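Inspection log for the structure reproduced underneath, given as structure tokens.
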Amino acid sequence: MSTIERFETNKRMSRVVKYNGILFLSGLTGDNPDEDVQGQTRSILAKIEKHLQAHGSSKDKILTAQIWLKDIDRDFAGMNEVWDSWLPEGTAPTRATGESKLAAPKLLVEIIVSAAV
């Protein structure tokens, strides 16, 4: 049986969990909630890339992504523009995008990914 490794853990959650060659990242939001959806998305993708690299993976190994938008009608195209330019061609993961009330009023996007190590 593989060992479960947890990183950046507090009472409520772990930022990253590694199990059986897969990294599971918690939901990530942008650093500056005053930015538009593209700015917040860029910030999130930079965080994702940092976490993946720190644990032996990379963005071309993302297996699945869940993307939550505060207003899907307004922000879907803008978020996708940033996502599409960030993701290496030919490495698209499975993905779901939905609309959700997020944890703070100014947050426009939250992204969750899992990736192979």
Side-chain angles (χ1 to χ4, degrees):
M1 178 175 268
S2 295
T3 302
I4 298 172
E5 297 177 79
R6 302 172 198 281
F7 304 93
E8 297 181 45
T9 300
N10 61 36
K11 184 177 181 177
R12 179 173 294 158
M13 62 176 274
S14 296
R15 178 67 60 204
V16 178
V17 173
K18 185 177 184 180
Y19 176 72
N20 204 24
I22 298 177
L23 292 177
F24 302 89
L25 274 60
S26 66
L28 294 167
T29 57
D31 290 326
N32 183 353
D34 291 321
E35 290 185 311
D36 64 9
V37 73
Q38 290 185 321
Q40 289 187 31
T41 301
R42 280 187 204 92
S43 176
I44 294 165
L45 296 177
K47 286 182 183 182
I48 288 171
E49 201 161 354
K50 181 188 90 173
H51 286 298
L52 294 175
Q53 289 175 352
H55 297 282
S57 190
S58 59
K59 63 185 176 180
D60 62 319
K61 294 181 180 179
I62 295 174
L63 302 170
T64 188
Q66 296 177 41
I67 301 173
W68 298 103
L69 295 169
K70 180 178 181 176
D71 185 331
I72 200 165
D73 293 329
R74 180 190 66 206
D75 292 332
F76 189 68
M79 178 278 302
N80 273 327
E81 185 177 321
V82 176
W83 174 269
D84 292 346
S85 67
W86 175 76
L87 197 65
E89 189 169 335
T91 65
T94 63
R95 193 183 106 168
T97 305
E99 182 176 271
S100 178
K101 184 174 181 179
L102 300 176
K106 290 186 175 183
L107 294 176
L108 303 177
V109 60
E110 182 171 355
I111 302 176
I112 305 162
V113 301
S114 297
V117 176

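Positions are given from 1 along the sequence. Small disclaimer: the values here were computed from a predicted structure and weren't measured.
Residues T97 and M79 meet the side-chain proximity criterion, which asks for heavy atoms closer than 4.5 Å. Side-chain contact check for I67 versus R95: some heavy-atom pair is nearer than 4.5 Å. Here the side chains of W83 and V109 are not in contact, with every heavy-atom distance at 4.5 Å or above. Between M13 and R15, some side-chain heavy-atom pair lies under the 4.5 Å cut-off. The closest side-chain heavy-atom distance from L108 to R74 is below 4.5 Å. Residues I62 and L52 have side chains in contact (heavy-atom distance under 4.5 Å, counting atoms from C-beta outward).
Annotation for I44 and T29: closest pair CG1-C, 3.3 Å, computed over non-hydrogen atoms. When all heavy atoms of K47 and D31 are compared, the closest pair comes out as CE-OD1, 2.9 Å. Smallest separation of non-hydrogen atoms from S57 and A115: OG-CB, 3.6 Å. Pairing each heavy atom of V117 with each of I22, the nearest pair is CG2-N, 4.2 Å. Nearest heavy atom pair, residue S2 against residue Y19, reads O-CE1, 3.4 Å.
In this structure, N10 CG and E8 CD are separated by 10.0 Å, a value rounded to the nearest 0.5 Å. Atom CZ of R42 and atom OG of S85 lie 7.0 Å apart (nearest 0.5 Å). Atoms OG1 and NZ, on T91 and K61 in that order, are 12.0 Å from each other to the nearest 0.5 Å. One distance of note links CD of Q40 with CD of E35; it measures 7.0 Å at 0.5 Å rounding. For the atom pair OG1 (T41) and CD1 (I111), the distance works out to 5.5 Å, reported to the nearest 0.5 Å. Taken from CG in L107 to NZ in K70, the straight-line distance is 8.0 Å, to the nearest 0.5 Å.
I48 and F24 are assigned to two separate hydrophobic clusters, defined by single-linkage of ILVMFWY side chains at heavy-atom distances under 4.5 Å. Tracing side-chain contacts under 4.5 Å through hydrophobic residues (I, L, V, M, F, W, Y), one never reaches L102 starting from V82; they form parts of separate clusters. Following chains of ILVMFWY side-chain contacts shorter than 4.5 Å, one can reach V37 starting from L28, so the two form part of one hydrophobic cluster. Cluster annotation: W68 and I72 are assigned to distinct hydrophobic clusters (Ile/Leu/Val/Met/Phe/Trp/Tyr, side-chain heavy-atom contacts under 4.5 Å, transitive). Under the 4.5 Å side-chain heavy-atom criterion for Ile, Leu, Val, Met, Phe, Trp and Tyr, V113 and V16 are members of the same hydrophobic cluster.
Using modelled atom types, no side-chain atom of T64 and backbone atom of P93 make a donor-acceptor pair closer than 3.5 Å.
Each side chain to side chain donor-acceptor pair (under 3.5 Å) pair with one or both residues in residues 98-117, not counting sequence neighbours, appears once here: D34-K106.
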